[in-house]
Amino acid sequence: MRWIFRSAVLVALGVLAVDLASINGWIIYPEIGEDSPALNLPRLVPSIFAPLLSDGGKRLVPLPRSEGALVKPMTFELVGGGRLMASGTITPGVSQSFAAEIERHSEYIRTVVLNSPGGSLTDALAMGRLIREKRLATEVEPGKYCVSSCPLVFAGGVDRRAGEKATIGVHQMTAMRSAANGPPRDAMSVAQNISARCQRYLGDMGVSLQVWVHAMETPHDRLFVFKADELKSLNLVTAAAVAPVISPKTLPSHPGQRRDP
C-alpha cells in the first residue's frame, strides 16, 4: 500500500504541475458564490484518490456555499473577553490588515475566533504564524465553519477550540492566475515547495501531517470534514470551546464601530 500511496502523490503533483506553469503564487479559493471566479476554475487534481481511500471517498461532502458576510473579504471585530472575531474570505493581503489589528490591540486580544470559507494560502500561513508568535488561542464557535485554508490559520493557536457542530474541513489547492505574474517558473518545483511549506508549518504547530494528506486526497470542489475525535487525535483541536466571557461593553476594532449597550 505504501508504493500505491506514493504513486498517487506523484501523479497528483504531476497533474498539478501542468496547470501551475507560469503561475507566480498559490491561492486556495472555495466556491463561495455564483459570481466567484473559483466556480470556473479547472480541477487541478481529479478524483483519482477515491478508490484508494478506506471508505472509497464516502466521507467527502460538497463544498458548502458561503452567503452574506462570509463571501466578502475577512473583517475583524474586537468584542468582550479578549476575542477578535475574524469572519469572511481570506483575500490576498488580508494578513497585513490582521497584523495591524493584532498590533493595535495586542494587550487585549487573547483569542482569534474564526468563521471563514478560506482563501489565500499565503495569507493563511502568515496569519497562523503571527497567532503562534503572539501566543494567542484560536476558536471556531458552535455551528460556524473554518474550511479550505482557514484550518491553517486555526492551527496557529496555542490553544485550539472547536464548538459543537463546528465544521472544520480541508481540500486540495486551487491555483489562480494573477495579472502580476512574473517570468515562468519551474511548475513542479512550485508545487513541491508549497506542499513542503504547508507540511513544515503544520509540523511546527504540533499538528499531525495527516491533516495535509486529507487535504491532498480531496478534490477542490469537495470537502473532507473532520469528526470530533479526529480533530483531537490529529491534535488540530486541543480543547473544547468554552462560553465567552460576557463583558458589559465590546471594544471597537475600528473608529465608529458599535459598542454593545
Side-chain angles (χ1 to χ4, degrees), residues 27-30 32 63-102 105 108-171 198 201-202 205-207 211 215 223-226 228 230-232 234-245 250 253:
I27 300 175
I28 296 179
Y29 270 98
I32 56 177
L63 196 65
R65 184 180 293 274
S66 299
E67 299 178 351
L70 291 187
V71 180
K72 300 177 181 179
M74 179 171 280
T75 58
F76 308 101
E77 180 183 7
L78 190 61
V79 300
R83 296 158 64 83
L84 180 67
M85 313 300 289
S87 302
T89 299
I90 305 172
T91 50
V94 77
S95 60
Q96 298 177 22
S97 300
F98 178 72
E101 197 73 25
I102 295 295
H105 302 293
Y108 184 76
I109 298 173
R110 296 291 177 268
T111 302
V112 177
V113 184
L114 298 161
N115 187 24
S116 171
S120 166
L121 175 63
T122 299
D123 286 84
L125 291 172
M127 292 170 69
R129 290 282 186 190
L130 181 60
I131 288 172
R132 180 58 60 92
E133 177 186 331
K134 299 297 183 180
R135 308 294 295 173
L136 304 176
T138 51
E139 182 177 336
V140 181
E141 294 181 319
K144 303 299 183 180
Y145 71 96
C146 177
V147 301
S148 190
S149 66
C150 180
L152 294 173
V153 183
F154 181 73
V158 175
D159 293 316
R160 303 179 289 276
R161 303 184 289 267
E164 185 178 359
K165 295 185 179 180
T167 298
I168 299 178
V170 294
H171 61 175
C198 290
Y201 170 82
L202 290 173
M205 299 301 112
V207 175
V211 170
L223 197 65
F224 182 93
V225 177
F226 296 99
E230 292 173 333
L231 290 171
K232 294 179 181 179
L234 298 175
N235 206 36
L236 193 53
V237 162
T238 61
V242 296
V245 176
T250 60
S253 56

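The residues of the chain are indexed from 1 along the displayed sequence.
The shortest heavy-atom contact between Cys198 and Leu121 is SG-CD1, 3.8 Å. In terms of heavy atoms, Leu223 sits closest to Gly169 at CD1-C, 3.7 Å. The two residues Ala124 and Ser149 make their nearest non-hydrogen contact at CB-O, 3.6 Å. Pairing each heavy atom of Ser116 with each of Gly118, the nearest pair is OG-N, 3.0 Å. Of all non-hydrogen atoms in Phe154 and Leu236, the two that sit nearest each other are CE2-O, 3.1 Å. Among all heavy-atom pairs drawn from Val112 and Ala86, the shortest one is CG1-CB, 4.2 Å.
Between the CG atom in Asp123 and the CZ atom in Phe98 there is a gap of 11.0 Å [rounded to 0.5 Å]. One finds the CD1 atom of Ile90 at 11.0 Å from the OG1 atom of Thr122 (value rounded to the nearest 0.5 Å). Between the CE atom of Met127 and the OG atom of Ser97 there is a distance of 9.5 Å, given to the nearest 0.5 Å.
Within the 4.5 Å cutoff, the side chain of Met205 has heavy atoms near those of the Arg132 side chain. Between Tyr201 and Leu152 there is a side-chain heavy-atom pair separated by less than 4.5 Å. The side-chain heavy atoms of Ser87 and Met74, taken from C-beta on, include no pair separated by under 4.5 Å. Using a 4.5 Å cut-off on side-chain heavy atoms (C-beta onward), Thr138 and Thr111 make no contact. In this structure, the side chains of Val94 and Phe76 come closer than 4.5 Å at one or more pairs of heavy atoms. Using a 4.5 Å heavy-atom threshold, the side chains of Ile102 and Ile109 count as touching. Residues Tyr108 and Leu78 have side chains in contact (heavy-atom distance under 4.5 Å, counting atoms from C-beta outward). The shortest side-chain heavy-atom distance between Leu84 and Val113 does not fall under the 4.5 Å cut-off.
When Val170, Leu114, Val140, Leu231 are each tested for a side-chain contact (heavy atoms from CB on, under 4.5 Å) with Pro151, only one passes: Val170.
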(Q) Please evaluate residues Lys165 and Glu141 with respect to the criterion side chain to side chain contact (heavy atoms under 4.5 Å, CB included), reporting the C-alpha separation (whole Å), side-chain torsions for both, the decisive distance (0.1 Å), and the verdict. (A) CA-CA 9 Å; Lys165 295 185 179 180; Glu141 294 181 319; over 6 Å; no

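Among residues two or more places apart in sequence or in another chain, the side-chain hydrogen bond (donor to acceptor under 3.5 Å, both in side chains) test is passed with Arg129 by Asp204. For Cys146, the disulfide bond (SG atoms under 2.5 Å apart) test picks out Cys150, with sequence neighbours left out.
Asn235 contributes a side-chain N or O that, together with a main-chain N or O of Gly206, makes up a donor-acceptor pair within less than 3.5 Å. Under a 3.5 Å cut-off, the side chain of Asp159 and the backbone N or O of Ala137 do not form any donor-acceptor pair. At least one donor-acceptor pair closer than 3.5 Å links the side chain of Asn115 to the backbone N or O of Tyr145.
A salt bridge is defined here as a Lys NZ or Arg NE, NH1 or NH2 lying under 4.0 Å from an Asp or Glu carboxylate O, and Arg160 with Glu139 fails to meet this definition.
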